[in-house]
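Counting starts at 1 for both ligands and their atoms, following the listed order. Just so you know, residue 1 is the first one in the sequence shown, and it goes up from there.
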Amino acid sequence: MTRIHIRRDQSAGTISRYIYGNFSEHLGHCIYGGIFVGKDSDIPNVNGIRTDVVEAMKAIHMPVLRWPGGCFADEYHWRDGIGPQEQRRNMVNTNWGGVTEDNSFGTHEFMELCSQVGCEPYITGNVGSGTAQEMSEWVEYLNSDGDSTVVRERRANGRQDSWGVKYWGVGNESWGCGGIMRPEYYADVYRRYQNFCRKYGDNKLYKIACGPNGADTNWTDVVMKNAAFCMDGLSLHFYTVPGSWEHKNKATEFTKDDYIETLAIASRMDQLVTDHAAIMDKYDPDKRVGLIVDEWGTWFEVEPGTNPGFLYQQNTMRDAMVAAVTLDIFNRHCDRVYMANIAQTVNVLQAIILTEDGKMVLTPTYYVFDLYQHHMDAKELACEVEAATLGTEKFRVAGVTASASEKDGFVTVTLSNLDPEKADEVVISLPGAGEVTGRILQGKMDAYNDFGNSPLKTEAFSDFETRGDEIIVRMPACSVAELRVKI
Ligand code: AHR
């Protein structure tokens, strides 16, 4: 049995909607094929962008989308992706699969995608191989309504008014694929580049500095010490890689031990956020600078027969549990975590959507985002979980994860039973609990949705009862539920 205590008088603050963000890179079939098929495609599209994928993104109210990379961002020259399609420069995508990038999806196409989805754009500028002038002019192209050659160029390319992009990344993984920099050097480079990313009209950019790789607290310390004064956000990248980078797990064939190892690794996000937040507190006690976890998710072996550089992997209930564990952590740390972007939206790593030509599959991870929607912009409520643990000393994880929030007369509780074999009775104490409705996602730990056979989806859930201030929930093995409690 598990006990959960929800306290309506204790809160870490508001859960930013941007925690439910996504990341889409020019990598494999994320953009090309997955999102963008071109106007002449037989696949239903609006201005070249797949209608089925846009509808799926809209249904979960995706709040923000990060683009164009990733490692790709530091080799991307935005001018290659504007103007007449036939005149766009071709390049080889050296990071991802060595394929030709024809730049048919560029700035205008990305902004069109965000407009169709109704999400905020988050653009990462090129620091590694681009100049400060190039970055500065991209911001001007996007955001200025002044009379300049750059703005006239945008207008000649069909866009009269500025778009007003707010979220701006200054380089990606500058400690790695973005230039193998030391934090001391990057902090100075960041200061210089961000300086030329101007404010146009009322649109003050939210500037995001490259943050640490996983547990690298020294990076956070040095960059915060030297550049916190001119940043709004600091990124953090952390991937769940069970096994090792050389011998990664397969996405769909794994043991119970692999499953628990995976969830134990994903749970490390809690300590990472705690550790980096403590350093940020030193330089930014008012918590003005947001922690932006702009790459997170599982990283498994690619599916057999696919290009290793395309990072295409299936997505099982194990991925769904990773998403639940991670999103609960972000909710609980909403006093510092302002945005997060799962890697990646379509056909890459822990994708929420998979496509194959004209077909589309929504993954178990997608349905977790569906179940968590009501947390967006809600007041976080302290949610203490007393649960048995799973696993052994090496890889141990709490058997139940949960988070809670309040908004518009409802408390939303998301709870997951991580045990892959046993159901659990969960007793939730919530003073003032009224009528409860529920939805659930459940399946075997290695179950997944495939083209032509998609058994997993969110369903109505009612296996609970209310007794006074307690809700007693019977959670099936390997399940994620949302309860909406009238308050
Ligand atoms: O998401 C795939 C890659 O992982 C990104 O391009 C890079 O930033 C990270 O290493």
Side-chain angles (χ1 to χ4, degrees), residues 21-32 34-35 64-76 91-99 101 105 110 122-130 167-181 186 190 208-216 219 223 233-242 244-246 248 251 265-266 269 272 291-303 306-315 319 322-323 326 339-354 363 365:
N22 263 244
F23 166 42
S24 292
E25 181 168 10
H26 288 236
L27 195 178
H29 291 299
C30 184
I31 297 293
Y32 297 111
I35 290 173
V64 63
L65 186 60
R66 177 176 185 246
W67 172 84
C71 296
F72 182 77
D74 282 293
E75 280 197 313
Y76 181 63
M91 68 181 277
V92 170
N93 190 335
T94 50
N95 281 292
W96 306 118
V99 291
E101 162 67 58
F105 189 90
F110 175 63
Y122 165 18
I123 293 181
T124 299
N126 179 345
V127 168
S129 69
Y167 296 105
W168 195 263
V170 180
N172 168 77
E173 296 194 352
S174 304
W175 36 261
C177 64
I180 336 178
M181 302 179 204
Y186 173 74
Y190 171 80
I208 300 167
C210 167
N213 176 17
D216 184 356
W219 181 281
V223 174
L234 180 77
S235 72
L236 163 66
H237 288 185
F238 175 64
Y239 284 98
T240 295
V241 190
S244 64
W245 281 103
E246 294 72 37
K248 295 189 275 298
I265 295 171
M269 182 67 88
L272 289 176
L291 186 58
I292 311 292
V293 191
D294 55 18
E295 290 189 28
W296 68 271
T298 56
W299 194 315
F300 302 128
E301 242 354 291
V302 298
E303 294 303 324
T306 64
N307 185 329
F310 283 9
L311 309 186
Y312 177 78
Q313 64 191 42
Q314 246 297 354
N315 192 290
D319 296 81
V322 167
T326 309
M339 186 192 289
N341 310 76
I342 191 170
Q344 301 193 2
T345 315
V346 194
N347 295 330
V348 171
L349 298 175
Q350 191 176 346
I352 62 167
I353 298 168
L354 301 175
T363 67
T365 300

Close-contact set for ligand 1 against [X] heavy atoms, below 4.0 Å:
X: Phe23; answer: 1 (O)
X: Cys71; answer: 5 (C), 6 (O), 7 (C), 8 (O)
X: Asn172; answer: 8 (O)
X: Glu173; answer: 7 (C), 8 (O), 9 (C), 10 (O)
X: Leu349; answer: 1 (O), 2 (C)
X: Gly70; answer: 5 (C), 6 (O), 8 (O)
X: Gln344; answer: 1 (O), 2 (C)
X: Trp299; answer: 4 (O)

Check the side chains of Glu101 and Tyr32 for a donor-acceptor pair under 3.5 angstrom, ignoring hydrogens and angles. yes

If we only count heavy atoms from C-beta on, is the Tyr239 to Leu349 side-chain gap below 4.5 Å? yes

Using a 4.5 Å cut-off on heavy atoms from C-beta on, say whether the side chain of Trp219 contacts that of Asn213. no

Closest non-hydrogen protein atom to atom 1 (O) of ligand 1, residue and atom name please, with distance? Tyr239 OH, 2.8 Å

Identity and separation of the nearest protein heavy atom to atom 7 (C) of ligand 1: Glu295 OE1, 3.3 Å

Atom CD of Gln313 and atom OG1 of Thr363: how far apart are they, to the nearest 0.5 Å? 10.0 Å

Which segment of Trp96 sits under 4.0 Å of ligand 1 when only heavy atoms are counted: side chain

Option passing side-chain hydrogen bond (donor to acceptor under 3.5 Å, both in side chains) with Thr298 (candidates Asp319, Asn315, Thr326): Asp319

Derivation and outcome, side-chain contact (heavy atoms from CB on, under 4.5 Å), residues Val293 and Met269: CA-CA 10 Å; Val293 191; Met269 182 67 88; 3.8 Å; yes

Strictly distance-based, threshold 3.5 Å: is any side-chain N or O of Asn126 a donor or acceptor partner for the main-chain N or O of Tyr76? yes

Positive for side chain to side chain contact (heavy atoms under 4.5 Å, CB included) with Glu295, one of Leu236, Asn172, Asn341, Ile342: Asn172

